[in-house]
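Heads up: the structure comes next, in structure tokens.
Remember, predicted model here, so these are calculated numbers, not experimental data. Heads up: numbering here begins at 1 and tracks the sequence.
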Amino acid sequence: RPADKKITKVMEEEASIQFAPGLSISGIEWAPNSKSIAVTYNTSASTSANAAVAFDSGVGVISVDGGKMIPLSPTQSFQSAPSWSPDSQTIAYVGEVATSKPRAGYREPLLAQKLGEEHPHELTTDLEIRSDARIWWKPDGKTVLFATVNREAATLYEVPPSAGTS
């Protein structure tokens, strides 16, 4: 019976962890090989490249052996929701990409980036997803799944991690 179940609060923290002055971490994803973590980091307005926004966010990697965070790719806006490939070599995430249309600003595709590569590639060039999307990889690494939720529906999509590459 549900009334017999006891729920214990183990810990309560703010939504992000202060990592360094002007830098906080709001999301952590362990690599399947347990050697690194991918983080969503946030910079304060005082360190932002764009003074019109309250903060910038990006995806970075931290080795569990120690060391500093290494951003995946330079960002001028927003990145979030990192998800590791099963071989721990690629990270899929949501990121804002500038549009070519005046005043349109940015759109949010699903991106994938191999460790060591300078820039990500878009997996969803024709579909914009939201920053709160959930992202998973199938165990064989041949498919990326992502879910979007809005007031009307929840939708699950799948795409190969090579989508958008030539």
Side-chain angles (χ1 to χ4, degrees), residues 15-17 19 23-43 47-50 52-64 67-150 153-166:
S16 65
I17 301 164
F19 190 68
L23 183 71
S24 64
I25 292 177
S26 61
I28 297 173
E29 178 77 19
W30 278 97
N33 67 8
S34 300
K35 294 182 180 180
S36 301
I37 57 173
V39 298
T40 300
Y41 65 88
N42 308 293
T43 59
T47 60
S48 173
N50 181 350
V53 297
F55 64 90
D56 285 333
S57 70
V59 172
V61 176
I62 302 172
S63 169
V64 296
K68 63 183 184 176
M69 181 191 66
I70 300 169
L72 273 186
S73 98
T75 179
Q76 296 179 342
S77 53
F78 178 84
Q79 298 171 347
S80 71
S83 178
W84 288 94
S85 62
D87 66 1
S88 301
Q89 296 302 305
T90 304
I91 299 175
Y93 59 97
V94 178
E96 285 184 337
V97 175
T99 65
S100 59
K101 300 175 186 170
R103 299 183 156 232
Y106 294 87
R107 59 188 178 81
E108 295 179 3
L110 181 64
L111 304 171
Q113 186 168 348
K114 288 188 181 225
L115 297 182
E117 289 186 356
E118 192 172 338
H119 298 286
H121 65 274
E122 292 185 37
L123 300 181
T124 56
T125 55
D126 297 330
L127 178 67
E128 183 170 341
I129 64 175
R130 293 179 37 174
S131 60
D132 59 353
R134 297 289 316 261
I135 305 167
W136 307 271
W137 291 73
K138 285 191 176 177
D140 64 7
K142 295 180 180 177
T143 307
V144 179
L145 301 165
F146 63 97
T148 60
V149 180
N150 62 35
T155 308
L156 181 65
Y157 298 91
E158 63 178 37
V159 64
S162 59
T165 63
S166 45

Heavy atoms only: give me the nearest [X]-[Y] pair and the separation to one decimal.
X      : Y      : answer
Val144 : Ala92  : CG1-CB, 4.2 Å
Asn33  : Lys35  : OD1-N, 2.9 Å
Ser73  : Gln113 : CB-OE1, 3.5 Å
Leu115 : Ser88  : CD1-O, 3.5 Å
Ser57  : Phe78  : OG-CD1, 3.0 Å
Ala81  : Thr40  : N-OG1, 3.6 Å

Does [Y] offer a backbone N or O that forms a donor-acceptor pair with the side chain of [X] under 3.5 Å?
X      : Y      : answer
Ser85  : Thr90  : yes
Ser63  : Ser36  : no
Gln79  : Val59  : yes
Thr124 : Leu110 : yes
Trp137 : Trp84  : yes

Side chains of [X] and [Y]: closer than 4.5 Å at any heavy-atom pair?
X     : Y     : answer
Tyr93 : Leu72 : yes
Val64 : Trp30 : yes
Ile28 : Ile62 : no

Working to the nearest 0.5 angstrom, can you tell me the gap between [X] [atom1] and [Y] [atom2]?
X      : Y      : atom1 : atom2 : value
Gln89  : Glu117 : CD    : CD    : 10.5 Å
Thr155 : Phe146 : OG1   : CZ    : 9.5 Å
His119 : Leu111 : NE2   : CG    : 12.0 Å
Ile135 : Thr148 : CD1   : OG1   : 11.0 Å

